[in-house]
There are 2 protein chains.
Amino acid sequence: MNQNFDTISQKERILMAAYDYISCEGYANASLREIASNAGVVLSQLNYYFKNKEGLLIEVIQIMIDKYLLEVEERLKQGINARERVSNFIKYFQETLNENPKLFRLLYDFSSMALWSDVFGKQLSNLFEKLSILVEEYIFIDTLENSFLKNQSSNAIARILFGTMFGTAIQVLLDSKEKRLPESLSAIETLF
Amino acid sequence: MNQNFDTISQKERILMAAYDYISCEGYANASLREIASNAGVVLSQLNYYFKNKEGLLIEVIQIMIDKYLLEVEERLKQGINARERVSNFIKYFQETLNENPKLFRLLYDFSSMALWSDVFGKQLSNLFEKLSILVEEYIFIDTLENSFLKNQSSNAIARILFGTMFGTAIQVLLDSKEKRLPESLSAIETLF
DNA sequence: TCCTCAATAGGACGAACGTCCGAATTAAAA
DNA sequence: TTTTAATTCGGACGTTCGTCCTATTGAGGA
């Protein structure tokens, strides 16, 4: 009835295996059988815990989103002024792209699915919204008076800044010759 | 033997139907039967002309890429100086996002597939490369002396500029409340 | 007119998948 | 110890899909 340690570890093993497999092979190429096998669990357990494939993905993505937001906020907190926080924000993406590209791959894969599914779409908009609000609060509120961008909505600027990270990162993932591209992102800091 | 008008129209009908269906429903949700049906063609014709589903997608994407590059270059040609060309470049994305969002959806869908497939990956890197070279040639060559970005590779800047469009656009597609976000992109013009 | 080959058509095939069900097992509650 | 419910397990089901095969049609060249 209550979730003992084995149960928790069982469900979490499935989630971790799903995360690993999907972020390595893509959701479309990930079968429940393969995920179950990697988790050391029988196929029907996936339906028992998550009802169906969509339900499993929703939980996997939610974990990614929560982790993502937490890490970003932690970085934003550091830095004593807006410019330093922008710098930290950009550094976070540079480092993640380098050390944990699986996170980005999962995000891109999920983004394309979000275009065709209401459920996934709302989940991803929610991430984008929270992310932009974070950036807005920690960086762009009342700090744009002396900037080129003073006439723009601070939330719009936050979204565009994140969009720049997002759109640049996929070019790096797709082309190994562009490994040095993330460094150039630092040039953006000087704009604020 | 030779391609008469009926043949051309047959193959092109398939391509157009595939483009429409994939950009509306997504590649993963598009079955060859449905595409054939929409094209007014029998299923086996798709294998006859394109060998398999991957072959069909490759041709559809190549058409999109060629059209894309042509339109971008046409826009870049207009404008008498670098700043005007940046402005035109951004305007192109604003208009396309508004008038032809199917193009963006197809691009995002294809991007996620490119992450898991070598063939698609090379096709998309090629688009990104040509796009960045276009922007570089028309805008950033020898025009960065007076800019904040003078120490950066002009190709890197071109890629980041496009990345900004790319990453901003998906936020608009996913959230209908962000319809006014593209306007804010114009603020970027002032940075160069 | 006959021949040749590209084009069209319909259907069958097997594989892979998500889902579902009923039985067996476990462990906590009574 | 008995009971109850949650968990684990193995397997089957039906569907959908991409692919392939063969026959038929139609038009241009010899």
Side-chain angles (χ1 to χ4, degrees), chain A residues 1-61 109-110 112-113 116-120, chain B residues 1-61 109-110 112-113 116-120:
Chain A
M1 180 184 284
N2 51 356
Q3 297 189 320
N4 55 26
F5 293 108
D6 288 321
T7 305
I8 292 179
S9 113
Q10 185 91 311
K11 188 177 179 182
E12 284 191 349
R13 278 218 312 276
I14 296 175
L15 282 171
M16 289 173 58
Y19 173 85
D20 278 335
Y21 200 86
I22 294 174
S23 61
C24 284
E25 307 289 340
Y27 180 77
N29 308 315
S31 74
L32 296 181
R33 286 165 223 271
E34 200 71 32
I35 293 172
S37 166
N38 285 9
V41 156
V42 137
L43 171 62
S44 49
Q45 288 299 91
L46 272 61
N47 286 273
Y48 180 74
Y49 282 110
F50 304 100
K51 187 181 175 186
N52 53 29
K53 195 180 181 183
E54 186 186 59
L56 173 59
L57 183 63
I58 287 177
E59 288 212 33
V60 169
I61 296 296
D109 200 32
F110 187 66
S112 78
M113 296 178 49
W116 321 112
S117 150
D118 272 347
V119 186
F120 297 151
Chain B
M1 180 183 284
N2 49 356
Q3 296 190 321
N4 55 27
F5 292 109
D6 289 320
T7 304
I8 292 179
S9 115
Q10 186 91 310
K11 188 175 178 183
E12 284 191 350
R13 277 218 313 275
I14 296 175
L15 282 170
M16 288 173 58
Y19 173 84
D20 278 335
Y21 200 86
I22 294 173
S23 62
C24 283
E25 308 289 338
Y27 179 77
N29 308 315
S31 73
L32 295 182
R33 286 165 222 270
E34 200 71 33
I35 293 173
S37 166
N38 285 9
V41 156
V42 139
L43 172 62
S44 50
Q45 289 298 92
L46 272 62
N47 286 275
Y48 180 73
Y49 282 109
F50 304 100
K51 187 181 174 188
N52 54 28
K53 194 180 182 184
E54 186 187 60
L56 173 58
L57 184 63
I58 287 177
E59 288 212 32
V60 168
I61 295 296
D109 199 33
F110 187 66
S112 77
M113 296 177 50
W116 321 113
S117 150
D118 272 346
V119 186
F120 297 150

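First the proteins, then the strands, lettered A, B, ... as listed; each starts at 1.
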#### Entry: Interatomic distance where NZ belongs to A/K11 and C1' belongs to D/dT8 [whole Å]
16 Å

### Task
Rounded to the nearest angstrom, tell me the gap between atom CZ in B/R33 and atom P in C/dG10.
14 Å

### Task
Let me know the distance between CD of A/E54 and P of C/dG18, rounded to the nearest Å.
13 Å

### Query
If you take all heavy atoms of A/Y27 and A/E54, which pair is closest and at what distance?
OH-N, 4.0 Å

### Task
Write down the distance between CZ (B/F50) and C1' (D/dC20), rounded to a whole number of angstrom.
18 Å

#### Entry: Side chain of B/V42 (C-beta onward), nearest among C/dA12, C/dG10, C/dG18
C/dG10

#### Entry: Nearest-neighbour nucleotide for the A/N52 side chain, C/dG18, D/dG10, C/dT19 considered
C/dT19

### Message
How many whole angstroms separate atom CG of B/N47 from atom P of D/dT22?
### Response
15 Å

### Query
At under 4.0 Å, does any side-chain N or O of A/Y49 touch on OP1 or OP2 of D/dT7?
no

### Message
If you only use heavy atoms from C-beta on, which nucleotide in C/dC20, D/dT8, C/dT19 is closest to the side chain of A/S44?
### Response
C/dC20

### Query
Is a side-chain donor or acceptor of B/S23 paired with a backbone partner of B/Y19 at a separation under 3.5 angstrom?
yes

### Query
What's the CD1-P distance between A/I14 and D/dC9, to the nearest Å?
10 Å

### Task
Select one nucleotide: of C/dT8, D/dT8, C/dT19, the one nearest the side-chain heavy atoms of A/Q45.
D/dT8

### Task
With the side chain of A/Y48 defined as its heavy atoms from C-beta on, choose the nearest nucleotide among D/dG18, D/dT8, C/dC20.
D/dT8

### Message
Using side-chain heavy atoms (C-beta onward) and a distance below 4.5 Å, is A/Q10 in contact with A/Y49?
### Response
yes

### Query
A/L32 side chain: which of C/dT19, D/dG18, D/dC9 is closest?
C/dT19

### Query
Touch check for B/L46, heavy atoms < 4.0 angstrom, all strands: base, sugar-phosphate only, or nothing?
nothing

### Query
Does B/R13 reach the side chain of B/Q45, with side-chain heavy atoms less than 4.5 Å apart?
no

### Task
Using whole Å, report how far CG of B/L43 lies from P of D/dT19.
10 Å

### Task
Taking only the side-chain nitrogens and oxygens of B/Q10, find out if one of them lies under 4.0 Å from OP1 or OP2 of C/dA7.
no

### Task
Using a heavy-atom cut-off of under 4.0 Å over every strand shown, decide if B/A30 touches base, sugar-phosphate, or nothing.
sugar-phosphate

### Query
Do A/F110 and A/F120 have their ring centres less than 6.0 Å from each other?
yes

### Message
In this structure, how many angstroms lie between the C1' atom of C/dC17 and the NZ atom of A/K53, rounded?
### Response
8 Å

